[in-house]
Participant: 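What follows is a single structure, and I will ask about it in a moment.
Atom set for the values below is all heavy atoms of this structure, side chains included, hydrogens, waters and symmetry mates excluded. Index from 1, following the sequence. Keep in mind the model is a prediction, meaning the values are calculated, not measured. Start at 1 and go down the list; that is how both ligands and their atoms are numbered.
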Amino acid sequence: MIDQYYRSTVLGIANAEPIKNLMQTKGYSLAKRFVAGNELEDAIKAVETLEQEGVHGILDLLGEMISTKEQSDPFVQKILEIFPAIKEKTFPKYVSIKLSQLGLDVSAELALENGRNILKAAQEVGSFVRVDMEDSPRVDATLEVFRTLRTEFDNVGLVLQAMLRRTEKDLEGLSDLKPNLRIVKGAYLENKDVAFPEKAVIDHQYRRLVYANLEKGNHTAIATHDHVIIDDMKRFAEKSNIPRSQFEFQLLYGVRRDLQKQLAAEGYTVRAYIPYGHDWYAYFSRRIAERPSNALFVLRGMIGG
Ligand SMILES: Cc1cc2nc3c(=O)[nH]c(=O)nc-3n(C[C@H](O)[C@H](O)[C@H](O)COP(=O)(O)OP(=O)(O)OC[C@H]3O[C@@H](n4cnc5c(N)ncnc54)[C@H](O)[C@@H]3O)c2cc1C
């Protein structure tokens, strides 16, 4: 976990037009470390490869922060196409979506309607759908849409971010829904009024949130590459008699593959989040902003050609 100064510097540079243009034309070969490819078939292949190592996949069509219905419709269409394409597959079916991709910034009603159609299509093929959490201005609307979806569907879960000061209350507020939650540290650049700036505090909050959701009896996806936290979670589950079926570890495609394989070999459920699609730049920038060695890897790649 990196401090906010490094994160804001990298994301600031990444959003500067000349850098964006350069990266979008020349950076794709570098982004491929974190992105399965442009097409759904590429992502399905990535799932099948990981399955051979005992790791399951989460399909994620890239694209976010869309401002019109016309922009959002093709993304919704592409997400709906996932389900017939994986219908006959024997691997566990699991998709992540972002509500801003479904038109949340146009209206919550549009995101809800699109979410319902996606969940229905997912239900028909036995797929689970996880609603990712985006930056803090979108949290209220995301919670509201999730609440409605959760009352209508069983195959839906949500993400909560440990870095946000509000999250402990949000978790409490969701209790009546018995939510399946993915807990993450949080990937967005946030102001210290709304987010904890210190790594130690975020790590502490992270543990509290996971423990709280597990103790309520809810399924919890522990989504981190932080091996110290992962080890603590294993110990906590054992000590508290939390069955392994109640939690799983989730990591990002291309990050700590060794750890993914190791956890799977130890008998834990492990899933890798597999992004695919043409809109890779925002996702890629967040991965760079997370870790200085990733920024060096990009710099070396750009200088090297
Ligand atoms: C499955 C999954 C789904 C996610 N969904 C969301 C979401 O919906 N909303 C959201 O805001 N965030 C999401 N995130 C991102 C998350 O918030 C963090 O930004 C990201 O996981 C990095 O934090 P960390 O928990 O791994 O811990 P950190 O403290 O950042 O890192 C711990 C260690 O992990 C390794 N590591 C971490 N990141 C990288 C990287 N990019 N490259 C190489 N090594 C790395 C390093 O060894 C590092 O020392 C998701 C993450 C995962 C794994």
Side-chain angles (χ1 to χ4, degrees), residues 1-4 6-7 10-11 14 30-31 33-35 50 55-60 62 64-65 94-101 104 128-139 142-143 146 156-164 166-167 170 180-190 194-207 209-210 220-233 247-260 263 269-275 282-298:
M1 179 90 207
I2 216 67
D3 68 35
Q4 287 294 332
Y6 171 77
R7 197 193 290 256
V10 172
L11 290 177
L30 301 170
R33 175 175 160 192
F34 301 107
V35 174
L50 286 171
V55 174
H56 305 308
I58 304 169
L59 294 168
D60 170 61
L62 290 163
E64 57 195 271
M65 316 230 166
Y94 199 123
V95 171
S96 258
I97 55 173
K98 287 186 171 50
L99 294 186
S100 74
Q101 192 178 40
L104 186 71
F128 186 76
V129 176
R130 170 83 56 192
V131 177
D132 284 356
M133 188 58 83
E134 299 177 74
D135 56 346
S136 60
R138 292 179 171 86
V139 174
T142 303
L143 289 172
F146 172 74
V156 63
L158 183 68
V159 178
L160 291 181
Q161 300 158 328
M163 76 191 290
L164 295 187
R166 59 177 290 167
T167 298
D170 290 338
N180 177 327
L181 294 179
R182 174 197 293 154
I183 308 293
V184 300
K185 290 191 188 176
Y188 296 85
L189 182 61
E190 300 286 359
V194 296
F196 302 107
E198 309 89 354
K199 172 182 163 56
V201 178
I202 298 170
D203 287 358
H204 176 69
Q205 283 302 106
Y206 189 96
R207 290 177 170 86
L209 293 166
V210 174
T220 308
I222 303 166
T224 181
H225 313 93
D226 190 326
H227 63 94
V228 179
I229 291 186
I230 289 174
D231 285 345
D232 283 353
M233 296 302 139
F247 68 97
E248 62 188 63
F249 293 107
Q250 296 192 346
L251 298 92
L252 299 177
Y253 180 74
V255 179
R256 293 300 313 266
R257 278 190 76 169
D258 55 334
L259 186 55
Q260 299 184 18
L263 290 167
T269 300
V270 183
R271 262 180 255 272
Y273 183 96
I274 305 178
Y283 179 85
F284 181 55
S285 306
R286 288 198 291 277
R287 303 292 76 83
I288 303 303
E290 252 151 31
R291 195 161 153 74
S293 65
N294 287 343
L296 289 174
F297 154 81
V298 171

Participant: Tell me whether G186 has any N or O atom under 3.5 angstrom from an N or O of ligand 1.
Facilitator: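 Among all N and O atoms of G186, at least one is under 3.5 Å from an N or O of ligand 1.
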Participant: Residues in side chain to side chain donor-acceptor pair (under 3.5 Å) with Q250, at least two apart?
Facilitator: Y94, R182, E248
Participant: Could you list the residues that satisfy side chain to side chain donor-acceptor pair (under 3.5 Å) with H225, not counting sequence neighbours?
Facilitator: none
Participant: Mark up the atoms of ligand 1 that fall under 4.0 Å of a heavy atom belonging to D132, in ascending order.
Facilitator: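 Those of ligand 1 that fall under 4.0 Å from D132 are 8 (O).
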Participant: Are I97 and V129 packed together at the side-chain level, in the sense that at least one heavy-atom pair is separated by less than 4.5 angstrom?
Facilitator: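 Side-chain contact under 4.5 Å: yes.
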Participant: So, do V270 and H56 sit near enough that their side-chain heavy atoms are less than 4.5 Å apart?
Facilitator: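 A side-chain contact is absent here, since even the closest heavy-atom pair is not under 4.5 Å.
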Participant: Tell me which one of K185, E248, M133, R287 gets a heavy atom nearest to atom 15 (C) of ligand 1.
Facilitator: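 Minimum heavy-atom distance to atom 15 (C) of ligand 1 goes to R287.
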Participant: Between R286 and ligand 1, which part of the residue brings a heavy atom under 4.0 Å of the ligand: side chain, backbone, both or neither?
Facilitator: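 The answer is neither; R286 stays 4.0 Å or more away.
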Participant: Just jot down the ligand 1 atoms closer than 4.0 angstrom to any heavy atom of V255, in number order.
Facilitator: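 It comes down to these atoms of ligand 1: 39 (C), 42 (N), 43 (C), 44 (N), 45 (C).
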Participant: Salt bridge or not between K199 and D226? Use side-chain N to carboxylate O under 4.0 Å.
Facilitator: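 A salt bridge links K199 with D226.
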Participant: Could you say whether the N/O atoms of Y273 and ligand 1 ever approach to under 3.5 Å?
Facilitator: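 Y273 vs ligand 1: no N/O contact under 3.5 Å.
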Participant: Would you tell me which option among K199, R271, R182 has the nearest heavy-atom contact to atom 3 (C) of ligand 1?
Facilitator: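 Considering heavy atoms of K199, R271, R182, the nearest to atom 3 (C) of ligand 1 sits in R182.
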Participant: State, with a plain yes or no, whether a side-chain heavy atom of R138 is found less than 4.5 Å away from one of L99.
Facilitator: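 Sidechains of L99 and R138: no contact.
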Participant: Among R33, R130, Q161, which one puts a heavy atom closest to atom 10 (C) of ligand 1?
Facilitator: Q161
Participant: So is there a nitrogen or oxygen of A187 less than 3.5 Å from a nitrogen or oxygen in ligand 1?
Facilitator: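 Yes, A187 has an N/O under 3.5 Å of an N/O on ligand 1.
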Participant: Quick check: do Y206 and I222 have side-chain heavy atoms less than 4.5 Å from each other?
Facilitator: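 Counting from C-beta outward, Y206 and I222 do come under 4.5 Å.
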Participant: So does D132 pair up with R130, basic N to acidic O under 4.0 Å?
Facilitator: no
Participant: Please identify which atoms of ligand 1 are closer than 4.0 Å to at least one heavy atom of V159.
Facilitator: 7 (C), 8 (O)
Participant: Who's closest to atom 16 (C) of ligand 1 heavy-atom-wise, of V228, I202, V184, I230?
Facilitator: V184
Participant: At a 4.0 Å threshold, what atoms of ligand 1 neighbour a non-hydrogen atom of L252?
Facilitator: 2 (C), 51 (C), 52 (C), 53 (C)
Participant: Does the side chain of K185 reach to within under 4.5 Å of the side chain of T224, using non-hydrogen atoms?
Facilitator: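 In short, these two side chains touch, coming nearer than 4.5 Å.
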Participant: Pick one of side chain, backbone, both or neither for how L251 approaches ligand 1, counting any non-hydrogen atom pair under 4.0 Å.
Facilitator: backbone
Participant: Between T224 and ligand 1, find which residue part has any heavy-atom pair under 4.0 Å and reply side chain, backbone, both or neither.
Facilitator: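 It is both backbone and side chain that touch ligand 1.
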